[in-house]
Amino acid sequence: MQLTVLSGAGISAESGVPTFRDVETGLWAKVDPYEISSAEGWRDHPEKVWAWYLWRHYLMQNVEPNNGHRAVAAWQDYAEVHVVTQNVDDLHERAGSRRVYHVHGSLFQFRCDRCEGEYRGELPAMPEPVEAVSPPECECGGLVRPNVVWFGEALPDDAWQKSVDAVTHADLVVVVGTSSIVYPAAGLPELALAQGIPVIEVNPERTPLSDAATVSMRETAAGALPGLLQRLPSLLG
Ligand code: BJW
Ligand code: ZN
């Protein structure tokens, strides 16, 4: 059996990583997403964007995978599991998942915004958010940026192709912890449904996917995923 998981920020929430859109605790409750997560924001005030990502980098290094990430990794004992994640953390890998496709990049890689060269220098620890930090300069005169995908930027080709393959060749797709509003990732479950592949959504809140999904569960990732395979016969009938 091939099982494909599409994850979003909600799967890491129970590890202590804030989601983006939660109105009280979400990352974007305090900053404007288009100022911080867009190419224009980087061009206009790179020091503000760099400071925010240094803080998130520190945060992600200092959290642990939760029972949601661990359940997905444990499914590898029973199925060929592919994980398509919008998250830039490494919690799926640290839980033991082997096929993980980061469609929005990784906050553990940094590159020059001009020559694309990888940056391997030390990063300052940033346990608290600060307003502005100048990003390191590359030898070519460009600035070092996180290797993540901002609004208006193309998704990495390789990860995207593998994700489309994984979703369209799956026997079951589990969509967990995403608001399902950011495209093109939000279109992946639609591809599966169009082919008659069942899609199970796990999210404590309703999303634009909820009505179309084969099953939509109002539960958290760490609560629902550990017992999900055992519940499949009753969920899918
Ligand atoms: C829990 C839980 C628990 C809480 N358990 N669940 C069509 C129409 C209009 C616009 C567009 C369109 N197609 C494309 C666009 C533009 C844009 C877009 O989609 N905009 C929409 C907002 C409308 N898309 C893009 O720009 C993309 N690029 C693109 O289209 O390029 C075209 C192109 C082609 C060729 C050349 C050039 C260009 C790029 C999108 C990049 C998104 N980047 C970000 C930042 C990444 C770096 C970083 O991490 O900082 O990705 S934005 C942000 O949103 C981040 C996330 O990956 C992404 C999705 O968020 P996610 O994961 O769903 O989080 P939340 O917070 O929204 O939701 C959390 C959910 O968890 C909630 O539902 C909770 O209920 C739930 N939850 N606790 C389970 N315990
Ligand atoms: Zn450079």
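Because only heavy atoms are used, hydrogens play no part in the values below, and waters and symmetry mates are left out as well, while side chains stay in. Residue indices begin at 1 and follow the sequence shown. Everything quoted here is computed from the prediction, not taken from an experiment. First listed ligand is number 1; within each ligand, the first listed atom is number 1.
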**Q** Is G177 in polar range of ligand 1, meaning some N or O pair under 3.5 Å apart?
**A**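 So ligand 1 has an N or O lying under 3.5 Å from an N or O of G177.
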**Q** Is the side chain of R99 donor-acceptor paired with the backbone N or O of V83 at a distance under 3.5 Å, no angle test?
**A**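 Checking the backbone N and O of V83 against the side chain of R99, no donor-acceptor pair under 3.5 Å is found.
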**Q** Does the side chain of T207 come under 3.5 Å of the side chain of S179 through a donor N or O and an acceptor N or O?
**A**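 Per modelled atom types, T207 and S179 side chains form no pair under 3.5 Å.
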**Q** Where is the nearest protein heavy atom to atom 53 (C) of ligand 1: which residue, which atom, and how far?
**A**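 Answer, as residue, atom name and distance: W28 CH2, 3.6 Å.
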**Q** Is atom 1 (C) of ligand 1 near the protein, in the sense that some protein heavy atom lies at less than 4.0 Å from it?
**A**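 Yes; the ligand atom in question has protein heavy-atom contact below 4.0 Å.
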**Q** For the ring pair F151 and H104, is the centre-to-centre distance below 6.0 Å?
**A**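 Between F151 and H104, the centre distance exceeds or equals 6.0 Å.
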**Q** For ligand 1, which atoms sit closer than 4.0 Å to a heavy atom of E205?
**A**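 The atoms of ligand 1 under 4.0 Å from a heavy atom of E205 are 75 (O).
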**Q** Would one find an N or O of T220, backbone or side chain, under 3.5 Å from an N or O of ligand 1?
**A**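 Min N/O separation from ligand 1 is not below 3.5 Å for T220.
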**Q** With rounding to 10 degrees, what does the angle C140:SG / the Zn ion (ligand 2) / C112:SG come to?
**A**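 Output for this angle: 100°, rounded to tens.
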**Q** Could you check whether atom 47 (C) of ligand 1 has a protein contact, counting only heavy atoms that fall below 4.0 angstrom?
**A**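 Under 4.0 Å from atom 47 (C) of ligand 1, at least one protein heavy atom found.
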**Q** Do you see a protein non-hydrogen atom under 4.0 Å from atom 76 (C) of ligand 1?
**A**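 Within 4.0 Å of atom 76 (C) of ligand 1, protein heavy atoms are found.
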**Q** Closest non-hydrogen protein atom to atom 23 (C) of ligand 1, residue and atom name please, with distance?
**A**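 Ranking protein heavy atoms by distance from atom 23 (C) of ligand 1, first comes I181 O, 3.9 Å.
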**Q** Between N147 and S106, is any side-chain donor less than 3.5 angstrom from a side-chain acceptor?
**A**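 No, S106 and N147 have no side-chain donor paired with an acceptor closer than 3.5 Å.
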**Q** Can you sort out which atoms of ligand 1 are near G8, meaning under 4.0 Å from one of its heavy atoms?
**A**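 Near G8, the atoms of ligand 1 are 62 (O).
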**Q** At a non-hydrogen distance cut-off of under 4.0 Å, which region of V182 contacts ligand 1 (side chain, backbone, both, or neither)?
**A**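 Contact part for V182 vs ligand 1: both backbone and side chain.
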**Q** Do S210 and E201 have a side chain donor and acceptor closer than 3.5 Å?
**A**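 Yes, side-chain donor-acceptor contact under 3.5 Å.
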**Q** Under a plain distance cut-off of 3.5 Å, with no hydrogens placed, do S97 and H69 share a side-chain donor-acceptor pair?
**A**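 Distance-only check fails for H69 and S97.
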**Q** May I ask you to check if ligand 1 and P184 share an N or O to N or O distance below 3.5 Å?
**A**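 In fact, backbone or side chain, P184 has no N or O that close.
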**Q** Is a salt bridge present between D211 and R206, judged by a nitrogen-to-oxygen distance below 4.0 Å?
**A**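 Between R206 and D211 there is a salt bridge, with a charged N closer than 4.0 Å to a carboxylate O.
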**Q** Have a look at W150, F151, W52, F20 and point out the one with the heavy atom closest to atom 20 (N) of ligand 1.
**A**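 Result: the heavy atom closest to atom 20 (N) of ligand 1 is in F151.
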**Q** Can you find an N/O atom of T178 closer than 3.5 Å to an N/O atom of ligand 1?
**A**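 By distance alone, the answer is yes.
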**Q** Any N or O on Y53 sitting closer than 3.5 Å to an N or O of ligand 1?
**A**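 Between Y53 and ligand 1 (N or O atoms, distance only) the closest approach is under 3.5 Å.
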**Q** Can an N or O of V202 be found at a distance shorter than 3.5 Å from an N or O of ligand 1?
**A**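 Between V202 and ligand 1, no N or O pair is found under 3.5 Å apart.
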**Q** Does the protein put a heavy atom less than 4.0 Å from atom 14 (C) of ligand 1?
**A**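 True for atom 14 (C) of ligand 1.
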**Q** Of the choices D89, V149, V148, which has the non-hydrogen atom that lies closest to atom 45 (C) of ligand 1?
**A**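 Comparing heavy atoms across D89, V149, V148, the nearest one to atom 45 (C) of ligand 1 lies in V149.
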**Q** How close does the nearest protein non-hydrogen atom get to atom 57 (O) of ligand 1, and which residue and atom is it?
**A**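 The closest one turns out to be H104 ND1, 2.8 Å.
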**Q** Give, rounded to 10 degrees, the angle between SG (C138) and SG (C115) as seen from the Zn ion (ligand 2).
**A**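 Once rounded, the angle between the two atoms at the Zn ion (ligand 2) is 110°.
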**Q** Do any N or O atoms from the side chain of N66 and from the backbone of I11 form a donor-acceptor pair under 3.5 angstrom?
**A**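 Pair found, side chain donor or acceptor close to backbone of I11.
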**Q** State whether a side-chain donor-acceptor pair under 3.5 Å links H45 with E47.
**A**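 No.
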**Q** Tell me: protein heavy atom nearest atom 25 (C) of ligand 1, and distance?
**A**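 Heavy-atom neighbour on the protein nearest atom 25 (C) of ligand 1: Y183 O, 3.6 Å.
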**Q** Is it true that a side-chain atom of T4 and a backbone atom of A166 form a donor plus acceptor pair closer than 3.5 Å?
**A**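 Judged by distance alone, yes, a pair lies under 3.5 Å.
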**Q** Identify which of E153, E201, R218 has a heavy atom lying nearest to atom 28 (N) of ligand 1.
**A**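 Checking each option, the heavy atom nearest atom 28 (N) of ligand 1 is found in E153.
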**Q** Between R145 and E137, does at least one N-O distance fall below 4.0 Å, as a salt bridge requires?
**A**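 Here R145 does not pair with E137 in a salt bridge, since their nearest N and O are not under 4.0 Å apart.
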**Q** Any side-chain donor-acceptor pair under 3.5 Å between E93 and H102?
**A**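 Side chains of E93 and H102: pair found under 3.5 Å.
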**Q** How about W42 and Y53: are their ring centroids closer than 6.0 Å?
**A**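 No: the rings miss the under 6.0 Å criterion.
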**Q** Yes or no: does I11 have any heavy atom under 4.0 Å from an atom of ligand 1?
**A**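 Flag not set, I11 not near ligand 1.
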**Q** Check this for me - ligand 1, G152, N or O atoms closer than 3.5 angstrom, yes or no?
**A**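 By distance alone, the answer is yes.
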**Q** Using heavy-atom distances only, which candidate in E14, R206, R21, Q86 approaches atom 60 (O) of ligand 1 most closely?
**A**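 Ranked by closest heavy atom to atom 60 (O) of ligand 1, first place is R21.
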**Q** Over 60° means perpendicular and under 30° means parallel, so classify the ring planes of F110 and H57, tilted if in between.
**A**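 Correct class here is perpendicular.
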